[in-house]
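A short worksheet on the structure shown next.
Residue numbers start from 1 in every chain, and the chains themselves are labelled A, B, ... in the order their sequence lines are given, proteins ahead of strands.
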2 protein chains.
Amino acid sequence: MGNSTTTVDEFVERFCLAVRERGLRLTNQRIAVVRRFFQQGHHVTVDRLYQLVLKEHPQIGYATVYRTLKLLVECSLAQTHQFDQNRVCFELYEEHEHHDHLICIECSKIIEFEHEEIERLQDTVAEAHDFVLTTHRMELYGVCSDCQKKS
Amino acid sequence: MGNSTTTVDEFVERFCLAVRERGLRLTNQRIAVVRRFFQQGHHVTVDRLYQLVLKEHPQIGYATVYRTLKLLVECSLAQTHQFDQNRVCFELYEEHEHHDHLICIECSKIIEFEHEEIERLQDTVAEAHDFVLTTHRMELYGVCSDCQKKS
DNA sequence: CTGATTGCAAACCGTTTGCATATCA
DNA sequence: TGATATGCAAACGGTTTGCAATCAG
């Protein structure tokens, strides 16, 4: 469902602007992919999104979905994550709204969280090693409460 | 160079024990791979290790290196990391010695660090979401001091 | 001896690309 | 109309596996 402060239409509009800015073209396929990407929620693989778009756009090719997601990343509207060794995940990118992930190793549920204190400490670590930080990733793996009950 | 508290021979010995425990067999190839893995230092890809072992063991196959590293992971003597979308990295695994990584996006240099305070805060986050934590990863990406000077 | 291991080559599988055709601007 | 985008199918590249030959125990 995207997030609480943006609607699908706003998101698509942002995409359209970014596309025009680059002298690229708007196509039905691109809009369909972008729309579904936003509606689907935060984390999605190319394959999953391809399956979803296929339902309403039976002609679409996998490569188009792949290339549109790549374009979204270039436009800073999406970002990638690699939670396992195989597939890459795409999610919304929102400036000034960095978050990290709690991942259930049983059901693959992904919960997002923010923690300013940790971010601050990360900066300290980087400073101590003379690094100029550009980005970071933090993933906590464990068993969620639902899965704890099951076993 | 492995680490300060273990020698190559001790490491190989630990591997031999683990192998016997499992009713598996010790071969020259396995020992050569394990030795080089330890001597090489912390982070290494299958391909890189294959190249290294090849020099002293021209007959060895890529698959053997791959399978030996996998075996090391099963024996809790190595662990994997995925710093980029392509290759998997292997490094020593040492119980009770968790560390995280600072990675230079220019020269790919990897610096390890530990930070108890952050670890503690991570536990807090997990608790707050009713997660039982099993592991985590934290990677800070930036430009190291050497590369800052260059540009 | 005999079952585990090796080395080779091929299969796998997600990702990426070349290209002829279709489409947007 | 002309450059961009699409869909297909094939290439890529790291990983994994089947299999006959080899070897450790």
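- Between B:Y62 and B:Y50, the two ring planes are perpendicular [angle over 60°; tilted spans 30° to 60°].
- The distance between atom CD of B:Q51 and atom P of D:dG14, rounded to the nearest whole Å, is 11 Å.
- Listed by residue number, the members of residues 22-35 of chain B with any heavy atom below 4.0 angstrom from DNA chain C are B:L24, B:R25, B:T27, B:Q29, B:R30.
- Surrounding CD of A:Q148 are more than 12 heavy atoms belonging to other residues, nucleotides or ligands, all under 6.0 Å away.
- Residue contacts shown for A:Q85 are absent, as no nucleic acid heavy atom lies under 4.0 Å away.
- Heavy atoms of other residues, nucleotides or ligands lying less than 6.0 angstrom from CZ of B:R48 number 12 at most.
- Rounded to 10°, the angle separating the first-five-pair axis and the last-five-pair axis of the helix from C:dC1-D:dG25 to C:dA25-D:dT1 equals 30°.
- Residues from residues 62-74 of chain A that place a heavy atom under 4.0 Å from any atom of DNA chain D, listed by number: A:A63, A:T64, A:R67.
- A salt bridge links B:R36 to B:E56: at least one charged side-chain nitrogen sits closer than 4.0 Å to a carboxylate oxygen.
- Straight-line distance from the NE2 atom of A:H57 to the C1' atom of C:dT23: 12 Å, rounded to whole Å.
- With respect to A:K150 and A:E106, no salt bridge is recorded, no charged nitrogen being found less than 4.0 Å from a carboxylate O.
- Scanning all heavy atoms of the two residues, the minimum distance from B:D100 to B:R137 falls at OD1-C, 4.1 Å.
- You'll find the side chain of A:T6 reaches within 4.5 Å of the side chain of A:F38, heavy atoms only.
- For the pair A:C75/A:R22, a side-chain contact is recorded, criterion being any heavy-atom separation below 4.5 Å from C-beta on.
- Counting to the nearest Å, the P atom of D:dA21 and the CD atom of B:Q59 are 17 Å from each other.
- Put simply, CG on B:D84 is 18 Å from P on C:dG14, counting in whole angstrom units.
- If you measure from atom NE2 of B:H81 to atom P of D:dG14, you get 20 Å, rounded to the nearest angstrom.
- In this structure, the side chains of B:E91 and B:V44 stay at 4.5 Å or more apart for every pair of heavy atoms.
- Donor-acceptor pairing under 3.5 Å is recorded for the side chains of A:H136 and A:Q122.
- Rounded to an integer number of Å, the gap from CG of B:L49 to P of D:dG14 is 16 Å.
- Spacing between atom OH of B:Y50 and atom P of D:dT16 amounts to 17 Å, rounded to whole angstrom units.
- B:H43 and B:H101 share a donor-acceptor pair across their side chains, judged by distance under 3.5 Å alone.
- As a whole-Å value, the separation of A:R87 CZ from C:dG14 P is 5 Å.
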